[in-house]
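What's counted below: heavy atoms across the whole structure, side chains too, no hydrogens, waters or symmetry copies. Numbers restart at 1 for each chain; the letters A, B, ... are given by sequence-line order, proteins then strands. Just so it is clear, the model here is predicted, and its values are computed rather than measured.
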There are 2 protein chains.
Amino acid sequence: MAVDPECPVCRTADIVCAKWTLLVVRELDEGRSRFCELERSLTGISPRTLSLRLRELEQEGIVERQQLPELPPRVEYALTDKGRALLPMIEDMRCFGERWLDCNEPAASSDSVLTAPTA
Amino acid sequence: MAVDPECPVCRTADIVCAKWTLLVVRELDEGRSRFCELERSLTGISPRTLSLRLRELEQEGIVERQQLPELPPRVEYALTDKGRALLPMIEDMRCFGERWLDCNEPAASSDSVLTAPTA
DNA sequence: CCCAACCACTTTACCAAGTGAAGTGACGCC
DNA sequence: GGCGTCACTTCACTTGGTAAAGTGGTTGGG
């Protein structure tokens, strides 16, 4: 990105706003730990993207990758403390979504301003 | 995105994780209101992207666009209540960045960042 | 009066990131 | 020993963002 590398918001945005990143973090937080589990719960993600995301997050110190000495050698991913520090953001996003987005409604055609709650 | 439209986190991520979105919201919150002001403070954004982002945010009801009847007709953008509801996320991001990212340090990565390359 | 700049964009051409489908190699199951 | 799983990688394609230039109206300067 072409933004100020000294700005914590910019830096954080740069990391977490890559597609799927926060969703991966959430899945990890909810107990999913293996590649194919993540792949299955993140319906629509391509294995390439998941792989990339996981590697980036590992590089950032947000997830830890652990290759278990089993057969077949399975791999487990887990959030680090740094990774868990992202959870409040996800919580905020859930709040925002629940408060302002009609997530269980068919998303009224174009101007759904009429559903704007106590503004 | 190919994610669950009923999931508030997915929906919010979809809106908020477009490049520049949160940075635009922050600038708006910090008093910038005109197109060229935003353009100037968001160094590196292309006018096309800013325009797109602003229009998307307007459609989402996150910003309000107001065309003033002046000469030359200037345009002002402002956050709505819904838009302000995104601010906690930005605050979290700042916290995360300050706590976990070395935003004021040279970020000692692999090879020389400080010396200008032969280009 | 004419040229230039400003504002709020749009248009065009290009490139990087993400997608879907398929492939890989090591293994386990029957 | 052929089939399936796991954790990816490779490939061709589409989408989204970028840089650079253009647009149309309005002010300001020489």
Side-chain angles (χ1 to χ4, degrees), chain A residues 1-5 10-11 13-28 31-60 63-78, chain B residues 1-5 10-11 13-28 31-60 63-79 119:
Chain A
M1 225 192 245
V3 288
D4 188 357
C10 297
R11 292 278 310 277
D14 212 13
I15 295 170
V16 302
C17 284
K19 208 165 167 181
W20 298 103
T21 297
L22 283 175
L23 268 9
V24 169
V25 169
R26 185 182 55 163
E27 292 304 323
L28 253 13
R32 246 74 59 184
S33 57
R34 303 180 57 185
F35 192 90
C36 64
E37 286 178 316
L38 294 167
E39 206 177 355
R40 272 192 288 263
S41 34
L42 298 165
T43 45
I45 199 174
S46 65
R48 171 181 148 82
T49 303
L50 180 53
S51 178
L52 257 66
R53 230 46 355 133
L54 252 10
R55 210 162 312 158
E56 289 164 15
L57 291 174
E58 200 193 344
Q59 279 207 329
E60 288 288 345
V63 318
E64 255 177 350
R65 184 193 139 109
Q66 195 185 357
Q67 179 144 359
L68 303 180
E70 295 182 7
L71 289 178
R74 58 150 105 186
V75 181
E76 298 219 326
Y77 298 91
Chain B
M1 222 191 244
V3 289
D4 188 356
C10 298
R11 292 278 309 278
D14 213 14
I15 295 170
V16 139
C17 284
K19 208 165 167 181
W20 298 104
T21 298
L22 284 175
L23 269 9
V24 169
V25 169
R26 186 181 54 163
E27 293 304 322
L28 253 11
R32 247 74 58 184
S33 57
R34 302 180 59 187
F35 192 90
C36 64
E37 287 178 314
L38 294 167
E39 206 177 354
R40 272 191 288 263
S41 35
L42 298 166
T43 45
I45 199 174
S46 63
R48 171 181 147 83
T49 303
L50 180 54
S51 177
L52 255 66
R53 232 42 2 129
L54 252 8
R55 208 162 314 158
E56 288 163 14
L57 289 173
E58 199 193 344
Q59 279 208 328
E60 288 289 345
V63 318
E64 256 176 350
R65 185 193 139 108
Q66 195 183 0
Q67 179 143 2
L68 303 180
E70 296 183 3
L71 289 178
R74 57 149 105 186
V75 180
E76 299 218 326
Y77 299 90
L79 290 181

Residue A:Ser46, side-chain atoms from C-beta onward, closest of C:dT19, D:dG17, D:dC6:
C:dT19
Check this one for me: any side-chain N or O of B:Arg55 less than 4.0 Å away from OP1 or OP2 of C:dT10?
yes
May I ask you to check whether A:Thr49 and A:Arg53 show a side-chain donor-acceptor distance below 3.5 Å?
no
Measure from CD on B:Glu39 to C1' on C:dA5 and round the result to the nearest Å.
15 Å
State which of D:dC8, D:dC6, C:dC9 makes the closest approach to the side chain of B:Val75.
C:dC9
Who are the salt bridge (Lys or Arg N to Asp or Glu O under 4.0 Å) partners of A:Arg40, not counting sequence neighbours?
none
Quick one: B:Arg40 CZ to C:dC7 C1', roughly how many Å, whole number?
9 Å
Does B:Arg48 make a side-chain donor-acceptor contact with the base of D:dT18, cut-off 3.5 Å?
yes
When you measure from the side chain of A:Arg34, which nucleotide among C:dG18, D:dC8, D:dC6 comes out closest?
D:dC6
To the nearest angstrom, the CD1-P distance between B:Ile45 and C:dT10 comes to 13 Å
Given D:dT18, C:dG18, D:dC8, the nucleotide with the shortest approach to the side chain of A:Arg53:
C:dG18
Which whole-number value in Å describes the distance from A:Leu50 CG to C:dA17 C1'?
16 Å
Does any non-hydrogen side-chain atom of A:Phe35 lie less than 4.5 Å from one of A:Val75?
no
With a 4.0 Å limit, can you tell me whether B:Tyr77 has a side-chain N or O closer than that to the phosphate oxygens OP1/OP2 of C:dC7?
no
Heavy-atom donor-acceptor pair, B:Thr21 side chain to B:Cys17 backbone, under 3.5 Å:
no
Quick one: A:Leu52 CG to D:dT9 P, roughly how many Å, whole number?
8 Å
Taking the side chain of B:Pro47 as its heavy atoms from C-beta onward, which of D:dT18, C:dG18, D:dA21 lies nearest to it?
D:dA21
From CA spacing to verdict: salt bridge (Lys or Arg N to Asp or Glu O under 4.0 Å), A:Arg32, A:Glu37:
CA-CA 6 Å; A:Arg32 246 74 59 184; A:Glu37 286 178 316; over 6 Å; no
Below 4.0 Å: OP1/OP2 of D:dT18 and any side-chain N or O of B:Trp20:
yes
Under 4.0 Å between a side-chain N/O of A:Arg74 and OP1 or OP2 of C:dC27, yes or no?
no
Kindly point out which of D:dT9, C:dT10, C:dA8 is positioned nearest to the side chain of B:Ser51?
C:dT10
Between CZ of B:Phe35 and C1' of C:dT10 the distance, given in whole Å, is 10 Å
Give a yes/no on whether any side-chain N or O of B:Lys19 is located under 4.0 angstrom from OP1 or OP2 of C:dA17.
no
